[in-house]
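Read the structure below first, then the notes.
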Amino acid sequence: MRWVGLMAAGDELEQAGLDFDTAMRRIHVREADGRLVSGVPAFVVIWRRLPAYRLLAGGVERLGLTRPLEWGYARFAERRYRKRCRDGACGIGR
């Protein structure tokens with residue numbers, strides 16, 4: 001997993017096949033093997049790397065919560081995106 005700052009992400013986005021607006025709509029993480037994951041699975045990838053969150057990641061996966069959490073995250077992320085664009089933050093990094 002690599003952390004990529006938004007301002008330096010132009011080449012990363014292009015390589016991942018993402019445009020800026022798509023990348024801004026939800027969280028994306030590139031796994032060490034090159035796979036790009038987004039949404040709740042991306043959070044799980046991050047949580048697995050953080051000692052205090054490993055149990056959370058395991059619980060989400062073992063209990064099969066990825067799909068229901070994804071449903072909620074998709075709605076949250078879209079609302080967040082619309083609000084940030086309305087407030088002018090969508091132009092950052094362009």
Mind checking side-chain hydrogen bond (donor to acceptor under 3.5 Å, both in side chains) for [X] and listing every partner two or more places apart, or none if nothing turns up?
X	value
T66	none
R25	E78
R35	E31, D33

State yes or no: do F76 and V37 share one hydrophobic cluster built from I, L, V, M, F, W and Y residues joined by side-chain heavy-atom distances below 4.5 Å, directly or via other members? yes
How long is the span from the [atom1] atom in [X] to the [atom2] atom in [Y], to the nearest 0.5 Å?
X	Y	atom1	atom2	result
Q15	R30	CD	CZ	7.0 Å
R80	C85	CZ	SG	10.0 Å
I46	I27	CD1	CD1	3.5 Å

Nearest heavy atoms of [X] and [Y], plus distance in Å:
X	Y	result
E70	P41	OE1-CD, 3.6 Å
T22	D19	N-OD1, 2.7 Å
V44	A57	O-CB, 3.9 Å

For [X], which residues count as a side chain to side chain contact (heavy atoms under 4.5 Å, CB included) partner, sequence neighbours excluded?
X	result
L69	V40, V60, L65
R54	P51
R67	none

Quick check on L55: does its CG atom have over 12 non-hydrogen neighbours (other residues, nucleotides or ligands) under 6.0 Å away?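 Open.
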Would you call the rings of Y73 and F43 parallel, tilted or perpendicular, where under 30° means parallel and over 60° means perpendicular?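 Taking F43 first and then Y73, their aromatic rings stand perpendicular (interplane angle over 60°).
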Checking the side chain of R75 only, and the main-chain atoms of W71 only, is there a donor and an acceptor separated by less than 3.5 Å?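 Yes; judged by distance alone, with no hydrogens or angles, the pair exists.
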